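The block underneath contains the structure these notes are about, expressed in structure tokens.
Both backbone and side-chain heavy atoms feed into the values below; hydrogens, waters and symmetry mates do not. If you're wondering where the values come from, they're calculated on a predicted model, not measured in any experiment.
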Amino acid sequence: MVTMDPCSLPAVEMASLLSAGRISARELLEAHLARIDAVNPAVNALVTLTPEAAFAQAARADEAHADGESLGLLHGLPVAHKDLAMTAGVRTTFGSRVFADFVPDTDSLLVERQRLAGAVSVGKTNTPEFGAGSHTFNEVFGTTLNPYDLDRTCGGSSGGAAVALATRMLPLCDGSDLGGSLRNPAAFCNIVGFRPSPGRVPTTTAHDAWFPLSVEGPMARTVPDVALYLRAMAGPDPRAPLSIAESPDTFAGPLQRDLSGVRVAWSPDAGGLPVEAAVRAALAPVPDILSNLGCEVVEAWPDLSDAPSIFQARRAWQFALRFGPLLADHRHRMKDTVVWNIERGLSMTVADYAEACRRHTSLFGRVGEFMSPDGSGFEFLACPVTQVVPFPVGVEYPTEIEGVRLETYIDWMQSCSNITVTTHPAISVPAGFTDEGLPVGLQIVGRHHADRAVLELARAWESVTEWGTTAPPTRDVRPPGRTIPHGYAAP
């Protein structure tokens, strides 16, 4: 049978072992729950655990295997869901005291599809309040810590998921992304986070079903694992108007591809943004590595000068739509940045929002021309995922980068949020470490709806760099005297 620690294996290898009967779903679950018990107290990534329900799901998977049947693509694989996703009968707090005791009676479509694919859910992963900001802390569960340095942030808002993956507590975790929440924590924790095209993973719980910037998607330790997970999540749903009709089987099969002559626009500062020197240094080899893969790398970037203001406007509109009704009764229970974002949306005029939409349309057209499949257009963009390295947990958010003052709590995320505005698929892949041993990620962006192509280049990258195989230091117990911070401490 399996002689090595199964928790260290990629999900695709776990799936192969399960299919061959070399390990049972219950054995695989037991190994991961033991890992969670040993490691989670040190990092606070998983916040609501459901071991009894998980064992029942694992038993069903084993019974099906004994009958010669498979429950689906994720048969017997342990997963966890971000605490923004609705889980029937399981506490779902959205990281907010407003919903601290909320237990929904239905699953979100994302959770439902994983269950129908045979996944074994062990519970929920931590997130900042309402997913706002890329630093995972809240007043319900406290702060999630970066396993590469427990004094640093893990990013967010899918921070609990990223840490659960990095520490080998789970092989697959779902997440969501508005301004970088699948990508930022992936970069900070040395795992893979994929922001698919809007509609690739449909949702039926969106407050605005036509909103193009919020997506749900997969996180894992390898690109093939992400592709497997995406197959289980993707596919159209008649209740979701942005659904992409393309079959999830688009992501089946090997991701190998001849990259000879593929044009990549590389920018070490994502088009002129302030970027910390340590991030620049870690990513300095990127052009040479891509060139060695066969790519034609040119230092260039599309005109995204309107992206920050468009993002701020559309994000504020969404916050007003989703959370505005809560302000009257629950303002005192919400963190200041959430209140600020809601009020910014509520104070916006229709003319303001209309102008943002007009400029958004123009930006999409410019990027389409820059990445046109005809002539000299680029097939991919490449740039840093984050402009900073993981910052201390006592800092709520960076207020300056390389001497450049930042106005809002999300300005430091522009290397991701600017890409969000393009609505193109984007991935964060491990790309090295700083001199202090902190992870740095590379962001790869594809053409409109070209999700598989992004996975193909990302797979080639990880195959030659292997940065993702560098696990964080083993921490089986909380260091003496350390407690998980409850919220953040102002510097």
Side-chain angles (χ1 to χ4, degrees), residues 180 182-184 186-187 192-197 222-224 226-227 251 254-273 275 279-305 307 363-387 414-432 440-468:
L182 283 160
R183 294 163 287 163
N184 278 334
V192 182
F194 182 48
R195 176 190 164 88
S197 298
T222 72
V223 176
V226 162
F251 306 103
L255 295 171
Q256 283 75 19
R257 173 186 170 185
D258 183 1
L259 295 168
S260 300
V262 169
R263 302 196 78 223
V264 179
W266 155 249
S267 177
D269 55 13
L273 300 176
V275 176
V279 175
R280 288 177 176 269
L283 296 180
V286 167
D288 288 342
I289 295 172
L290 291 174
S291 295
N292 290 339
L293 289 172
C295 299
E296 178 188 342
V297 183
V298 179
E299 189 162 325
W301 205 245
D303 178 8
L304 302 181
S305 56
L363 181 146
F364 181 81
R366 292 197 303 272
V367 175
E369 291 179 6
F370 188 86
M371 303 183 75
S372 171
D374 301 324
S376 59
F378 293 95
E379 184 170 354
F380 299 101
L381 311 178
C383 69
V385 178
T386 62
Q387 297 162 242
Q414 287 182 18
S415 52
C416 274
S417 62
N418 285 356
I419 298 301
T420 291
V421 175
T422 71
T423 70
H424 287 216
I427 198 167
S428 172
V429 286
V440 175
L442 172 68
Q443 185 171 200
I444 298 170
V445 185
R447 288 172 173 153
H448 181 59
H449 285 184
D451 299 54
R452 182 180 170 95
V454 173
L455 295 174
E456 289 169 344
L457 179 54
R459 176 55 179 162
W461 170 272
E462 78 172 3
S463 296
V464 298
T465 60
E466 298 186 337
W467 286 115

**Asked** Per the side chain to side chain contact (heavy atoms under 4.5 Å, CB included) rule, which among I427, V223, V429 passes with F194?
**Response**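 Option passing the side chain to side chain contact (heavy atoms under 4.5 Å, CB included) with F194: I427.
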Close side-chain approach of [X] to [Y], heavy-atom, < 4.5 Å:
X    : Y    : result
V445 : P425 : no
H424 : I419 : no
V192 : T222 : no
V421 : L304 : no
Q414 : S417 : yes
V464 : N292 : no

**Item:** Polar side-chain atom of T465 near backbone of W461 as donor-acceptor pair, under 3.5 Å
**Value:**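 Yes, because the side chain of T465 sits within donor-acceptor range (under 3.5 Å) of the backbone of W461.
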Side chain to side chain contact (heavy atoms under 4.5 Å, CB included) with [X]: which residues, sequence neighbours excluded?
X    : answer
R280 : P268, D269, V275
A382 : V264, W266, L290, L442
D303 : S305, R366

**Request:** State the CG-OG1 distance between L182 and T420, to the nearest 0.5 angstrom.
**Result:**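 Between atom CG of L182 and atom OG1 of T420 there are 9.5 Å.
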**Asked** To the nearest 0.5 Å, what is the distance between CG (L457) and CD (E462)?
**Response**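 If I round to the nearest 0.5 Å, the distance is 11.0 Å.
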Could you go through residues 293-301 and list every donor-acceptor pair under 3.5 Å that involves a side-chain atom there, pairing it with any protein atom two or more places apart or in another chain?
residue: E296; atom: OE2; partner: R263; partner atom: NE; Å: 3.4
residue: W301; atom: NE1; partner: A270; partner atom: O; Å: 3.3

**Message:** If the condition is ring-ring contact (aromatic ring centres under 6.0 Å, His included), which residues does F378 pass it with, not counting sequence neighbours?
**Reply:**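 Residues passing ring-ring contact (aromatic ring centres under 6.0 Å, His included) with F378: F370.
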Considering non-hydrogen atoms only, spot the tightest contact between [X] and [Y] and give its length.
X    : Y    : value
Q387 : S415 : OE1-N, 3.0 Å
A187 : S428 : N-OG, 3.5 Å
A307 : L363 : N-CD1, 3.8 Å
L259 : A460 : CD1-CB, 3.6 Å
A431 : L283 : CB-CD2, 3.5 Å
A186 : G193 : CB-N, 3.5 Å

**Request:** Enumerate the residue pairs fulfilling side-chain hydrogen bond (donor to acceptor under 3.5 Å, both in side chains) with a member in residues 443-454, sequence neighbours excluded, ordered by first and then second residue.
**Result:**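 Passing the test, one end in residues 443-454: R183-Q443, S197-D451, R200-D451, R452-E456.
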**Request:** Take V385 and C416 through the test side-chain contact (heavy atoms from CB on, under 4.5 Å) and record every step on the way to the result.
**Result:** CA-CA 6 Å; V385 178; C416 274; 3.8 Å; yes
